[in-house]
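Before I ask anything, let me first share the structure, which is written out below as structure tokens.
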Amino acid sequence: MKTVTIGGGQGFWGDSPDAALHMIREGSVNYLACDYLAELTLSIMQRQKRKNPAAGFARDFVELYRMGGAEALEKKIRILSNAGGMNITGCVEALRETVKKGGMPPCRIGYVLGDDLMDKLPELMRQGIEFRNIDNGRKLEEITDRIVNVNVYHGHEPIEQCLQEGADVVVTGRAADSALFLAPLKYEFGWAADDWNALARGIMTGRLLECGGQGSGGNFDYDWRAVPDMDDLGFPLVEMTESSMVVTKPPRCGGLITTQVCKEQLLYEVHDPANYITPDVTVDISRCTLEDAGPDRVAVSGLAGKPRPDQLKLCVGYHAGYKVVTYLSFAWPDAYEKAKATGDILMKKMARKNLKAEEVRIDYLGLNALHLDVADTSPEHIAHLNEVVLRVAIRTLDKDEAAKIIPEVSPLQLNGPPGASFFGGRAKVQEAIGLWPTFIPRDAVSLEARVVEA
């Protein structure tokens, strides 16, 4: 029976390449998919590209290919990634240069264009698409003069086309994370475009692998102490046949594959288990079964699929003003009381300066910055806090307004409650990027698959 093995090589931009290289060397995989993008990552990459037209993609991926590409080619491991970000052709050229300069074997690089809709947005709006914010219903026309990037989450089809045309490496922009995993499985098994149950298995393969180490014991909430050799964490992979799906990991590495680990990753970010919506298929995981199938092996079954949605998610990043984040730390005794009093002093100073802020947040790291209203703030607990860090963050529409708070922070080391410690250096005004989530009709998006020699 045919078995296709696919691994998850990266969980985010900045993830370690170690597990991906180990998977190439010892994982016996046919495919390696590497996810680099998150919602605001594209806005960051777009700003990089504006400063330097040659930037705007995840150079980490180019370095990963430099270290492991030759061995992957030798073993016929095909690599897929959305590392192209906001400069897909730039990423492809960087890969070609790496192959040339490194004396690596020649390869075929596939890439997908069309997810960047920035230039097409005015015409789409003239056609009557309002791009309403799915959180608050507002129309996109409110922020059109502040937009940084516009990218659609697309599915597997152009990625699969690159594989059909013989690509050894495939680079995309904002492909949905799980589409990177579905494409090779659909290609290998020849699944029909409307075989929803099969497509659901491919998408959920991506769901279990797309976050890298989080699927093999990293960030494991249930029992993180049980994860062996986390310093050498291996990433998960899936062995797929027409009738079975098993999550495991490469040999000779740390990590843990259990039903509980897989449950956490399977349900991560899923709002409705009966209707998990992706560009390729709507998945019902409400009857999914996870069973131990041996050491570090979990069998997955019971996945069902429904037709894909008529609309695609559109990620719009926009300039949301300016922000300043600054810190002061306080030690026992009375750490929280001192921190709170200092925050009050700072806000009184800002009132005298007539600060015009869109948002102000005052948090107390060590007490309630993470758990907010459910944190233990009883007098008994507060009295025994060893230390508290005051964090003040503001967002303004005007850069000069944001700058008002900066010179007022460091003087509080001597001009406020005792024991304040200023760290992290003088705060700086930074651009704030907002996210405008919306939808676009599927037929308004045109994607193009290309393949070049390297």
Side-chain angles (χ1 to χ4, degrees), residues 37-47 82 85-86 114-155 173-179 203 207 267-286 306-323 356-361 363 372-374 393-399 401-402 430-447:
L37 299 182
E39 282 78 3
L40 293 180
T41 306
L42 290 168
S43 299
I44 297 170
M45 289 179 167
Q46 180 71 339
R47 286 189 298 178
N82 55 17
M86 293 304 302
D115 71 291
D116 183 354
L117 299 179
M118 186 77 166
D119 293 339
K120 297 180 179 180
L121 189 64
E123 176 58 29
L124 292 169
M125 294 181 73
R126 280 193 291 271
Q127 293 173 12
I129 305 176
E130 296 179 332
F131 298 110
R132 288 186 179 270
N133 188 305
I134 60 178
D135 292 330
N136 54 38
R138 290 158 53 194
K139 295 181 181 180
L140 187 66
E141 62 188 27
E142 298 180 29
I143 62 161
T144 50
D145 60 335
R146 294 185 280 145
I147 291 176
V148 176
N149 69 284
V150 182
N151 296 82
V152 63
Y153 284 71
H154 69 78
R174 185 54 283 188
D177 308 347
S178 52
I203 280 295
R207 175 96 281 259
L267 295 173
Y268 161 73
E269 291 182 338
V270 173
H271 295 163
D272 180 357
N275 294 282
Y276 175 56
I277 301 173
T278 79
D280 297 296
V281 58
T282 300
V283 186
D284 181 355
I285 63 174
S286 63
K306 306 174 186 179
R308 66 188 189 179
D310 294 329
Q311 297 189 100
L312 297 173
K313 181 180 176 182
L314 193 70
C315 176
V316 180
Y318 67 98
H319 173 68
Y322 301 90
K323 65 180 180 179
K356 296 179 178 65
E358 299 299 299
E359 291 182 87
V360 176
R361 280 198 60 91
D363 297 301
L372 304 177
D373 293 341
V374 300
I394 64 170
R395 181 174 68 86
T396 67
L397 295 181
D398 183 86
K399 190 172 185 179
E401 287 295 314
Q430 298 176 297
E431 182 183 10
I433 298 295
L435 177 65
W436 187 281
T438 187
F439 294 113
I440 184 171
R442 183 182 291 272
D443 59 11
V445 178
S446 178
L447 300 164

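As the structure is a prediction and not an experimental result, all values here were calculated from the model.
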Rounded to the nearest 0.5 Å, the NZ atom of K313 sits from the OG1 atom of T438 at a distance of 10.5 Å
Partner of L140 under side chain to side chain contact (heavy atoms under 4.5 Å, CB included), picked from I147, L124, N133, is I147
Fill in: Under 3.5 Å side-chain donor-acceptor pair for N149 and S43
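Judged by distance alone, the side chains do pair up.
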Does any part of the side chain of L267, heavy atoms only, come nearer than 4.5 Å to the side chain of I285, both counted from C-beta?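 With C-beta onward as the side chain, the pair touches.
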Rounded to the nearest 0.5 Å, the NZ atom of K323 sits from the CD atom of Q430 at a distance of 5.0 Å
Between T282 and P307 the two heavy atoms that sit nearest each other are OG1-O, 3.2 Å
In short, D280 meets A179 closest at the heavy-atom pair OD2-CB, 3.7 Å
Query raised in the report: Looking at CZ of F439 and CD1 of I134, how far apart are the two atoms once the value is rounded to the nearest 0.5 Å?
Result: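 Between atom CZ of F439 and atom CD1 of I134 there are 4.5 Å.
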Looking only at heavy atoms, which two atoms of G434 and A320 are closest? And how far apart?
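Distance-wise, the nearest heavy atoms are N-CB, 3.7 Å.
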| field | Carboxylate-amine/guanidinium contact K120 E123, below 4.0 Å | value | no
**Request:** Could I get the full list of salt bridge (Lys or Arg N to Asp or Glu O under 4.0 Å) partners for K399, not counting sequence neighbours?
**Result:**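 Scan of K399 (salt bridge (Lys or Arg N to Asp or Glu O under 4.0 Å), adjacent residues dropped) gives none.
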Are there over 12 heavy-atom neighbours, none belonging to N136, within less than 6.0 Å of that residue's CG?
yes
Sub-4.5 Å side-chain heavy-atom contact between Y153 and E39
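Yes, close enough: below the 4.5 Å cut-off.
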Here the pair of heavy atoms bringing P437 nearest to L435 is CD-O, 3.3 Å
Checklist line | Side chains of T278 and R207 in contact at under 4.5 Å (non-hydrogen atoms) | finding: no
Using the rule given for side-chain contact (heavy atoms from CB on, under 4.5 Å), can you reason through L42 versus D116, listing the C-alpha separation, both sets of side-chain angles and the distance that settles it, and then say yes or no?
CA-CA 10 Å; L42 290 168; D116 183 354; over 6 Å; no
Exercise. How many angstroms lie between NZ in K356 and CD in E401, if you round to the nearest 0.5 Å?
Worked result: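 Answer for the NZ-CD pair, K356 versus E401, is 5.0 Å.
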Exceeds 12 heavy-atom contacts within 6.0 angstrom, atom CG of D119: no
Is there a side-chain contact between T144 and M125, using heavy atoms and a 4.5 Å cut-off?
yes
Fill in: Pairwise salt bridge (charged side-chain N to carboxylate O under 4.0 Å, His left out) hits with a residue in residues 436-445, at least two apart
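Sorted pair list comes back empty.
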Is the shortest side-chain N to carboxylate O distance from R174 to D177 below 4.0 Å?
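Salt bridge flag = yes for D177 with R174.
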What one should report as the nearest heavy-atom pair of A175 and N82 is O-ND2, 3.9 Å
Taken in chain and number order and not counting sequence neighbours, the residues that satisfy ring pair (Phe, Tyr, Trp, His ring centres under 6.0 Å) with Y322 are H319
Distance check, rounded to the nearest 0.5 Å: L117 atom CG versus I440 atom CD1?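 Result: 5.0 Å between the selected atoms.
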Just wondering, do I433 and I44 contact through their side chains at under 4.5 Å, heavy atoms? no
Steps toward side-chain contact (heavy atoms from CB on, under 4.5 Å) verdict (V316, F131): CA-CA 10 Å; V316 180; F131 298 110; over 6 Å; no
Check: N151 and L37 side chains under 4.5 Å, non-hydrogen atoms: no
Spatial distance of atom CG (D115) from atom CG (L314) [nearest 0.5 Å]: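 D115 CG to L314 CG: 10.0 Å, rounded to 0.5 Å.
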Nearest heavy-atom approach of D145 to E142 is OD1-O, 4.3 Å
